[in-house]
Amino acid sequence: MIKVSFSSDEKTHRVRAEGHSGYAEAGSDIVCAAVSTLVQTAYLAIKDLGAPVTFDRDDGKALFEFRAERGTEFDHDIQVLLRALRVGVEDLRSGYPQFIKTETITGGN
């Protein structure tokens with residue numbers, strides 16, 4: 001199962017996607033490909049703004065995580081992009097609930 005976590009604290013927005021969906025074999029898994037595309041596109045769009053954003057990736061753990069600084073001139077745009085990401089992931093989850101889990105962590109990471 002892929003777990004996508006959304007969290008924020010006073011300084012940082014964080015998105016973490018981890019795990020394999022198990023929908024199909026590696027290389028043919030449309031659920032994994034869809035989640036990966038959404039998460040990485042959100043990261044790239046935030047980076048393209050010029051916003052302070054960092055990422056960690058570990059293919060062995062099927063992990064992609066990014067962190068965007070809060071309190072910058074890019075806040076509004078980052079929040080819009082994160083909302084679009086959440087809507088996309090939740091829509092996928094509604095179609096493939098046994099393969100995707102989402103969580104929102106409030107008050108820290």
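Positions are given from 1 along the sequence.
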Does Leu82 reach the side chain of Ile46, with side-chain heavy atoms less than 4.5 Å apart? yes
Measure across Ile2 and Gly19 and return the closest heavy-atom pair with its distance rounded to 0.1 Å. CG1-O, 3.6 Å
So, the side chain of Ser21 versus the backbone of Tyr23: is there a donor-acceptor pair under 3.5 Å, distance only? yes
Measure from the side-chain N and O atoms of Arg70 to the backbone N and O of Asp9, and report whether any donor-acceptor pair falls under 3.5 Å. yes
I want to check something: taking the side chain as every heavy atom from C-beta on, are Thr72 and Pro52 in contact at a cut-off of under 4.5 Å? yes
May I have the step-by-step check of side-chain contact (heavy atoms from CB on, under 4.5 Å) for Leu63 and Arg16, ending in yes or no? CA-CA 7 Å; Leu63 168 70; Arg16 180 182 181 97; 3.5 Å; yes
So among Glu69, Arg67, Glu65, which one has a side-chain hydrogen bond (donor to acceptor under 3.5 Å, both in side chains) with Thr54? Arg67
For Ile78 and His13: C-alpha separation, side-chain torsions, deciding distance, then whether side-chain contact (heavy atoms from CB on, under 4.5 Å) applies. CA-CA 9 Å; Ile78 290 170; His13 294 291; 3.8 Å; yes
More than 12 heavy atoms from other groups under 6.0 Å of CD on Glu103: yes
Which pairs, with at least one residue in residues 29-51 and sequence neighbours excluded, count as a salt bridge (Lys or Arg N to Asp or Glu O under 4.0 Å)? none
Report whether Leu44 and Phe74 are members of the same hydrophobic cluster (ILVMFWY, side-chain heavy atoms less than 4.5 Å apart, transitive linking). yes
Does the pair Arg57/Asp59 count as a salt bridge with the N-to-O cut at 4.0 Å? yes
Just by distance, do the side chain of Ser28 and the backbone of Ala24 share a donor-acceptor pair under 3.5 Å? no
Output, in order, the C-alpha distance, side-chain angles, deciding distance and verdict of side-chain contact (heavy atoms from CB on, under 4.5 Å) for Val53 and Phe55. CA-CA 7 Å; Val53 61; Phe55 78 94; over 6 Å; no
Beyond-backbone contact of Phe66 with Arg14, side-chain heavy atoms, under 4.5 angstrom: no
Can you tell if the side chain of Leu92 reaches within under 4.5 Å of the side chain of Val31, non-hydrogen atoms only? no
Do the side-chain N and O atoms of Arg86 and Thr104 include a donor-acceptor pair separated by under 3.5 angstrom? yes
